[in-house]
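For reference, the structure discussed in these notes is given below.
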Amino acid sequence: MTRKQYRIGVMFSTTGSYSVVARSILNGAMLAFQEVNASQGDVALEPVVVNPSGDLARYRALSLELLRSGIRQVVGCYTSSSRKEVIPCFEKFDGLLWYPSHYEGFESSDNVIYTGAAPNQHVLPLVDYLASRVGKRAFCVGSNYIWAWENNRIFREALTARGGTVLAERYLSVGDTEVDQVIAAIIDHRPDFVFNNLIGTSAYAFFRAFRAACRVRGIDQAAEIPVASCTLSEPELPEIGPDAVDGHLSSSVYFSSLNSPENGAFIRAYATSFPDGPVTSADAESSYIAVKLLAAALSQAGTDDARTVRAAVADQRLRAPQGDVRIDRQTFHAWLTPRIGRSMANGQFEVLLESREPIAPDPYLVQSSPRFASAMRSPLLKVVQS
């Protein structure tokens with residue numbers, strides 16, 4: 001059997017302020033490429049890897065370079081600002097961007113397949129958990145770009161609908177590690193919890209400094225003012241350091257501690273292929289899913305034409321490390337399984353709650369009536385650990 005060969009763009013910032021997560025995402029994609037090419041399938045994929053180094057102008061330039069070279073499919077981007085920067089390029093050249101990261105929603109492009117979590121799959125379950133189990137007074141911090149702005153807006157509206165309030169919001173430039181003023185404001189307000197949308201080195205500096213500042217004041221930070229995120233993942237825990245790594249809440253669709261045959265196989269294969277790390281993460285699993293679904297769609301389509309592949313991907317089903325995954329035909333976002341985890345000193349997350357089944361993506365939050373009611377009734381999280 002003659003296998004059809006396709007060149008696939010792979011675009012992640014493996015250097016820069018959020019490089020730890022980006023390297024994990026790249027590894028997830030490369031593992032899927034290895035498995036597709038080692039299989040007996042009828043497609044073979046050649047990854048063409050580029051590194052924008054966190055520079056938005058480079059994202060655009062490299063996207064254009066890939067598309068002008070004839071590549072029609074690109075797996076790439078971590079930040080929402082980078083995704084927003086390149087979407088016009090994919091629309092102009094009619095390519096498909098496979099975006100493998102949780103994001104803030106309120107977007108649905110004909111030229112993007114979204115395999116990461118939409119807001120109803122990570123923000124709303126976290127609001128439900130915090131409001132019912134932790135408290136209703138929040139302090140929001142974030143990196144100064146669209147991910148944090150929109151996530152904090154959704155969070156504020158959802159928490160308000162649950163009778164809660166956001167006491168204050170603070171933003172830092174991406175990569176800024178001067179966090180003392182923000183921490184002083186948090187301690188002055190004494191919220192029930194902090195909702196964190198800082199990314200990369202800014203987040204790691206914040207976790208360390210916040211724990212240290214609370215310790216000086218006799219505050220048990222993890223118990224009295226826990227930090228909750230929709231971004232924190234396993235590769236980032238060593239970056240925080242042993243003195244502040246435990247007790248942080250994370251809302252995600254995947255944790256590497258999940259006990260299933262599929263996840264066990266994924267963890268072993270990943271560790272074998274990338275013994276120097278970074279370890280697996282939700283975004284690495286998402287890029288793995290993206291490449292697997294892309295390969296299946298290419299096989300069905302018989303071409304890498306963007307519109308034909310887009311039509312084909314909605315017919316695919318995947319038993320992923322997190323559980324069953326499929327692409328929603330209406331939104332071209334993924335059905336995923338929400339979970340809440342808590343970081344531990346050993347660099348893993350203990351899963352506290354999880355959905356009974358994958359839930360449909362709702363990127364515009366239009367399926368809840370009244371607005372954000374899904375935070376209370378969906379995804380029907382069940383307690384795993386208290």
Side-chain angles (χ1 to χ4, degrees), residues 1-12 24-50 66-67 69-77 90 94-101 111-116 253-254 258 260-274 280-329 332-337 358:
M1 179 181 67
T2 302
R3 305 178 75 181
K4 283 196 172 183
Q5 304 272 340
Y6 296 103
R7 296 168 66 235
I8 308 297
V10 183
M11 183 170 58
F12 297 110
S24 175
I25 305 174
L26 175 62
N27 289 351
M30 297 306 290
L31 176 60
F33 282 117
Q34 293 173 19
E35 292 182 357
V36 168
N37 291 336
S39 72
Q40 299 302 309
D42 57 0
V43 299
L45 307 181
E46 177 191 347
V48 179
V49 180
V50 296
L66 292 169
L67 292 163
S69 76
I71 289 173
R72 301 268 69 82
Q73 311 288 329
V74 176
V75 181
C77 299
F90 285 84
D94 202 20
L96 267 185
L97 173 67
W98 296 71
Y99 182 64
S101 183
N111 294 85
V112 184
I113 305 295
Y114 303 82
T115 63
V253 295
Y254 171 83
L258 295 179
S260 71
E262 293 80 11
N263 189 46
F266 175 65
I267 294 292
R268 289 189 296 273
Y270 185 102
T272 299
S273 295
F274 310 105
T280 55
S281 66
D283 297 301
E285 195 239 8
S286 186
S287 63
Y288 177 85
I289 288 170
V291 174
K292 288 298 188 79
L293 290 174
L294 170 57
L298 288 168
S299 178
Q300 178 175 317
T303 174
D304 63 353
D305 171 74
R307 296 183 184 275
T308 308
V309 171
R310 186 174 186 267
V313 74
D315 294 327
Q316 310 307 319
R317 301 291 186 273
L318 180 66
R319 183 66 180 172
Q322 69 169 267
D324 292 328
V325 172
R326 67 183 188 273
I327 298 297
D328 183 71
R329 185 176 290 276
F332 289 88
H333 290 63
W335 287 63
L336 301 169
T337 303

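It should be emphasised that the depicted structure is a prediction, and the values quoted were computed from it without experimental measurement.
- To the nearest 0.5 angstrom, Y254 atom OH is 9.5 Å from I289 atom CD1.
- Between Q34 and S273, the shortest heavy-atom distance links the atoms OE1-OG, 3.0 Å.
- Shortest non-hydrogen contact noted between A284 and Y270 is CB-CE1, 4.4 Å.
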Take Q300 and Q316 through the side-chain hydrogen bond (donor to acceptor under 3.5 Å, both in side chains) test and state the conclusion after the steps.
CA-CA 9 Å; Q300 178 175 317; Q316 310 307 319; 2.8 Å; yes
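- In summary, the side chains of E285 and Q322 do present a donor paired with an acceptor at a separation below 3.5 Å, with no hydrogens or angles considered.
- Taking a cutoff of 4.0 Å between a charged side-chain nitrogen and a carboxylate oxygen, R319 and D324 qualify as a salt bridge.
- S69 and R7 get closest at one heavy-atom pair: O-NH1, 3.5 Å.
- Contact between P100 and T115 at its shortest, heavy atoms only, is CA-OG1, 3.4 Å.
- With rounding to the nearest 0.5 angstrom, the CH2 atom of W335 is 12.0 Å from the CD1 atom of I327.
- Between E35 and A269 the shortest heavy-atom distance is OE2-CB, 3.9 Å.
- Distance CD1/I25 to OG/S286: 8.0 Å, rounded to 0.5 Å.
- Contact annotation: the side chain of V291 never approaches that of W98 to less than 4.5 Å [non-hydrogen atoms, C-beta and beyond].
- Judged as a side chain to side chain contact (heavy atoms under 4.5 Å, CB included), and not counting sequence neighbours, the contacts of R268 are A265.
- Using a 4.5 Å heavy-atom cutoff, the side chains of Y6 and V43 are in contact.
- Residues R329 and D315 form a side-chain contact, since some pair of their non-hydrogen atoms from C-beta on lies under 4.5 Å apart.
- Distance check, rounded to the nearest 0.5 Å: CG of L97 to CE of M11 gives 6.5 Å.
- Taking the centre of each ring, F332 and Y114 stay at or above the 6.0 Å mark.
- Enclosure of atom CZ in R307 is not indicated, since only 12 or fewer non-hydrogen atoms of other residues, nucleotides or ligands lie within 6.0 angstrom.
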